[in-house]
Amino acid sequence: MKKIMHYMAGVVLTAMAISSCDETTDQIGGSLTSDEDQLNIASKVFNVQTRTVIADTVFNNSDEHLGSVFTQSSTCYLGMVRDPQTQADIKSEFATQFHLLDIVTIPDADKFLSLDNGLPAADSCYLILYVSNPFNTADTLASVKMTVHELDKTLETGLKYYSDFNPMKLGMVRTEGLNKNKMFSYRNLIDNDSLRGTSSYMNNIRVSLNEPYTDKNGVTYNNYGTYIIRQFHEHPEYFKNSYAFSRHVCPGFFFEITDGYGFHAKVSNIGLRLNYTIQGDTSVVNTGVTLAGTREVTQTTLITNDKQAIKKLAEETTHTYIKSPAGLFTEVTLPVKEIKEGHENDSLIAAKISFQRINDESSDSRMFGIPYTLLMVQEDSLKTFFEGNNVPDQATSFYANYNYINSTYNGTNTYNFANIASLITKVWEKYQEGIKNDANWEQKHPNWNKVLLVPITYESGSSTNAQHDMSLTSTQLVGGADNPYEPIKINVAYAKFNK
């Protein structure tokens, strides 16, 4: 058995290499086996149809999250920009809880030298957002204004949050709570040039929380940090874990963009910093504690797209689009019947398909980036794939990275899916089973042979699940109903032993 498996593995690799070549079937079989056990391999090429679909419309009309994509991830985005391609605005906002790293320890009250009305207090308190990957590297001084809102209700663990989740509209923001305005740009001008020039420097946005703060019980503190410190001393049980902390002390914050455009960046880390002064064993110590917004707690991104602008792009038929965040996918109709009919008893051992990117000739530095990784997943499985925190298994879901040479974006300029034979076989088997039990099965399952190409972030071999790419990306692919280029083709290879 092991010998046969090694042999078949070699056959598959050979078939994948030659499925799009001109070598004849007889030559292929003879080159792989002896006359006694000759394996016949046949290769064929089929045309493939594609079209653009709006991310909003992929879900069923009855789905409560229609108009969005699943967004719970370890990375948030913030900002508002004008898309040079559509001249429409795109806005990214987010909400986050804070994670208690291990066990948070704040010194006992009698150690504090920072006092307010004789009680322990914070010298200062601020939120810090570490940002990277700016929208426009040529203009890092473009400014936007945001308001940081204190949440009244926390983000519930276990719920599925989509990119239409808006805490403001859902009444989750505390109207009498902390609301802090901040004008900022990507380049942090508060830090001096010498600091920004160091290799260890992480660009950041800091939001001061040093104004008086009144909690839900009507108690006023000199700043938000003092509120956290007093809660720790009065209710240490609230700090045992992130769950208790978010429900009793700090439900989290929502970061809303309120004015300006031209800034958009990845928010890789978020911190809530408290600084205070205590009496150490031998000297006065200026110290503090930082609470973090990380993947261990719930974070959500709210995306606001211009639906009419997106719809107009989707209606173009001389190409298809991939566009993020929460924008456009490419739908691929696999010719499953054509591939399998006449080869029902053959093994489909290779199926290769490539999607050619159309170069953008614009020299505008504000043009969105090229999607780096595309997921191929069955259209009817899209929701469960992301909600289940899955990764491409290379059997029923696949990923392909953008193929270019030396970062010049030339080379083959494609997304190559080397072998999706297992997916086609599974789809065919499901189709056969369906029509056997129900003559109207195909009409009831119109997406049975359709897959989507979806922009994702994913690193093979890591423990991180695949996530929707929420950065600013856009590209056109060869395809569409009125494709003026060479048709998209899928190259397949079948195998069977001669009797």
Identify the heavy atoms of [X] and [Y] that sit nearest to each other, and give their distance.
{"X": "G480", "Y": "T320", "value": "N-CG2, 3.7 Å"}
{"X": "L151", "Y": "P167", "value": "CD2-CB, 4.0 Å"}
{"X": "I322", "Y": "L477", "value": "CG1-CD1, 3.9 Å"}
{"X": "F263", "Y": "A142", "value": "CB-O, 3.9 Å"}
{"X": "N192", "Y": "S194", "value": "OD1-OG, 2.7 Å"}
{"X": "A418", "Y": "K352", "value": "O-CB, 3.4 Å"}

Looking at residues at least two apart in the chain, or sitting in another chain, which of them share a salt bridge (Lys or Arg N to Asp or Glu O under 4.0 Å) with D139?
->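 Checked D139 against salt bridge (Lys or Arg N to Asp or Glu O under 4.0 Å); zero matches.
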
Does the side chain of [X] pick up a donor-acceptor pair with the side chain of [Y] at under 3.5 Å?
{"X": "T414", "Y": "Q356", "result": "no"}
{"X": "N359", "Y": "N413", "result": "yes"}
{"X": "Q97", "Y": "S242", "result": "no"}
{"X": "T457", "Y": "D469", "result": "no"}
{"X": "S474", "Y": "K323", "result": "yes"}

Heavy-atom distance under 4.5 Å between the side chains of [X] and [Y], does that happen here?
{"X": "D83", "Y": "L472", "answer": "no"}
{"X": "L328", "Y": "V53", "answer": "no"}
{"X": "V144", "Y": "D259", "answer": "no"}
{"X": "Y494", "Y": "K44", "answer": "yes"}
{"X": "I353", "Y": "V48", "answer": "yes"}
{"X": "Y161", "Y": "T298", "answer": "yes"}
{"X": "M376", "Y": "V332", "answer": "no"}
{"X": "I205", "Y": "V267", "answer": "no"}

Using only atom types and a distance under 3.5 Å, with no angle test, would you say the side chain of [X] pairs donor to acceptor with the backbone of [Y]?
{"X": "S268", "Y": "V131", "result": "no"}
{"X": "N179", "Y": "G177", "result": "yes"}
{"X": "N449", "Y": "W428", "result": "no"}
{"X": "D306", "Y": "A309", "result": "yes"}
{"X": "N204", "Y": "M202", "result": "yes"}
{"X": "T317", "Y": "E315", "result": "no"}
{"X": "S92", "Y": "I303", "result": "no"}
{"X": "D193", "Y": "R196", "result": "no"}
{"X": "N210", "Y": "C125", "result": "yes"}

[X] with [Y]: basic N within carboxylate O range, under 4.0 Å:
{"X": "E442", "Y": "K337", "answer": "yes"}
{"X": "R206", "Y": "D191", "answer": "yes"}
{"X": "E387", "Y": "K160", "answer": "no"}
{"X": "E156", "Y": "R247", "answer": "yes"}

Does [X] [atom1] have over 12 foreign heavy atoms under 6.0 Å away?
{"X": "K182", "atom1": "NZ", "answer": "yes"}
{"X": "F46", "atom1": "CZ", "answer": "yes"}
{"X": "Q49", "atom1": "CD", "answer": "no"}
{"X": "K312", "atom1": "NZ", "answer": "no"}
{"X": "K180", "atom1": "NZ", "answer": "yes"}
{"X": "Y485", "atom1": "OH", "answer": "no"}

May I ask you to decide if the ring planes of [X] and [Y] are parallel, tilted or perpendicular, using 30° and 60° as cut-offs?
{"X": "Y162", "Y": "F70", "result": "perpendicular"}
{"X": "F253", "Y": "F98", "result": "perpendicular"}
{"X": "Y458", "Y": "Y399", "result": "perpendicular"}

Rounded to the nearest 0.5 Å, how far apart are [atom1] of [X] and [atom2] of [Y]?
{"X": "E93", "Y": "I257", "atom1": "CD", "atom2": "CD1", "answer": "6.0 Å"}
{"X": "T140", "Y": "N136", "atom1": "OG1", "atom2": "CG", "answer": "8.5 Å"}
{"X": "T52", "Y": "E331", "atom1": "OG1", "atom2": "CD", "answer": "9.5 Å"}

Which pairs count as ring-ring contact (aromatic ring centres under 6.0 Å, His included) when at least one residue sits in residues 298-326, sequence neighbours excluded?
->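 Residue pairs passing ring-ring contact (aromatic ring centres under 6.0 Å, His included), neighbours aside: H319-Y321.
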
Less than 6.0 Å separating the ring centroids of [X] and [Y]?
{"X": "Y77", "Y": "F94", "value": "no"}
{"X": "Y372", "Y": "Y402", "value": "no"}
{"X": "H264", "Y": "F135", "value": "no"}
{"X": "F355", "Y": "Y415", "value": "no"}

Compute both the distance and the angle, then confirm whether R273 meets the cation-pi test with Y126: under 6.0 Å from the six-membered ring centre, within 45 degrees of the axis.
->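 No cation-pi geometry.
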
Apply side chain to side chain contact (heavy atoms under 4.5 Å, CB included) to the pair N188 and Y201, showing each step before the final yes or no.
-> CA-CA 11 Å; N188 182 352; Y201 179 75; 3.5 Å; yes

Under the side chain to side chain contact (heavy atoms under 4.5 Å, CB included) criterion, do L178 and L209 qualify, and how do the steps go?
-> CA-CA 9 Å; L178 185 152; L209 303 182; 3.8 Å; yes

Could you walk me through whether S324 and T473 pass side-chain hydrogen bond (donor to acceptor under 3.5 Å, both in side chains), step by step?
-> CA-CA 5 Å; S324 69; T473 73; 2.6 Å; yes

D482/T318 under side-chain hydrogen bond (donor to acceptor under 3.5 Å, both in side chains): CA gap, chis, key distance, verdict | CA-CA 5 Å; D482 300 309; T318 56; over 6 Å; no

Side chain to side chain contact (heavy atoms under 4.5 Å, CB included) between H468 and V454, worked out = CA-CA 8 Å; H468 281 285; V454 180; 3.7 Å; yes

Could you please spell out the steps behind the side chain to side chain contact (heavy atoms under 4.5 Å, CB included) verdict for F254 and V148?
-> CA-CA 6 Å; F254 175 59; V148 181; over 6 Å; no

Given V451, which of T330, V377, I420, L334 fulfils the side chain to side chain contact (heavy atoms under 4.5 Å, CB included) condition?
->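 Among the candidates, only L334 passes.
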
